[in-house]
Amino acid sequence: MKIAILGTGMVGRSIAGKLRELGHDATIGTRDVAATLARTEPGAMGTPPYSAWAADHDDVELATFAAAAAGADLVVNATAGAASIAALEAAGSQNLADKVLIDVANPLDFSGGFPPTLLVKDDDSLGEQIQRAFPNTKVVKSLSTLSAPQMVNPLMINPGQPDGSQVTVFLSGNDQQAKDTVADLLRSFGHADVLDLGDISAARGPEMLFPISFRLLGVLGPMFGFKIVR
Ligand SMILES: NC(=O)c1ccc[n+]([C@@H]2O[C@H](COP(=O)([O-])OP(=O)(O)OC[C@H]3O[C@@H](n4cnc5c(N)ncnc54)[C@H](OP(=O)(O)O)[C@@H]3O)[C@@H](O)[C@H]2O)c1
């Protein structure tokens, strides 16, 4: 599949790298290709500059949000949640129409410092806002409750354990076929516990897990995950 990953951060890089390993055609989208390649400073969270990652991944193309989305069969939103609608508008609704969009973003507001708060919650979600803004796109919320490395390596916490002990990855969206496509892709990443929560309004719950995730990160470090025990 030809997949556009909008977002040059940890998440976009992890997903793009995994997709290439699996033989997909992966293009990462950014606002300004030259500016992104010219950055030499680490990001706010200490993420190495994009060019350092790209040097080891010359099989992943970097393009503008619009060029990346235009050529893709499926699109991933891995942009900062506060900027996701703007990034998707830059990608162009015509380039997203009739396509599956996996929304990985968390709607975080860093304007008041740390910890960030949620820009939307309770009776709405970023996933729903994106679906309303792009009604012809099949939005599927997923992966947002996992760390970037865990998204593409679900066994990293408990290697060697049976599949049943894997972290749970949630799905929500209005289009069943789109969710089936995403579930297949997640299984190809190694996810064995894919849990469909229903329509896109079910994105509220996973997005609202962020505050507890943030606290758990402080207590446990990055090696934890949510497991729904049935
Ligand atoms: N990091 C994690 O482990 C993790 C885990 C779960 C979910 N998430 C969510 O996944 C998403 C990506 O996270 P991340 O840490 O990889 O990267 P990030 O730093 O949150 O986002 C980087 C991307 O956002 C774009 N962006 C920032 N401001 C923008 C603006 N004003 N207009 C358009 N685009 C803008 C950047 O564009 P440029 O390329 O042009 O700079 C870049 O591509 C976030 O929503 C995050 O909450 C992250």
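Note that ligands are numbered from 1 as they come in the structure, with each ligand's atoms numbered from 1 the same way.
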Before accepting this row, confirm whether a basic side-chain N of the pair [X]/[Y] lies closer than 4.0 Å to the acidic partner's carboxylate O.
{"X": "R230", "Y": "D193", "value": "yes"}
{"X": "K141", "Y": "D103", "value": "yes"}
{"X": "K18", "Y": "E21", "value": "yes"}

request  = Name the orientation class of the two ring planes belonging to F226 and F224 (parallel below 30°, tilted from 30 to 60°, perpendicular beyond 60°).
outcome  = perpendicular
message = Would you say CZ of R132 has more than 12 non-hydrogen atoms from neighbouring residues, nucleotides or ligands within 6.0 angstrom?
response = yes
query = Got a sec: does the NZ of K121 have more than 12 other heavy atoms crowding it under 6.0 Å?
reply =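 Incorrect, the count does not exceed 12.
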query = Measuring from each atom of ligand 1, which residues have a heavy atom under 4.0 Å away?
reply = G7, T8, G9, M10, V11, T30, R31, R39, F65, A78, T79, A80, G81, A83, A87, V104, A105, N106, S144, L146, S147, A148, M151
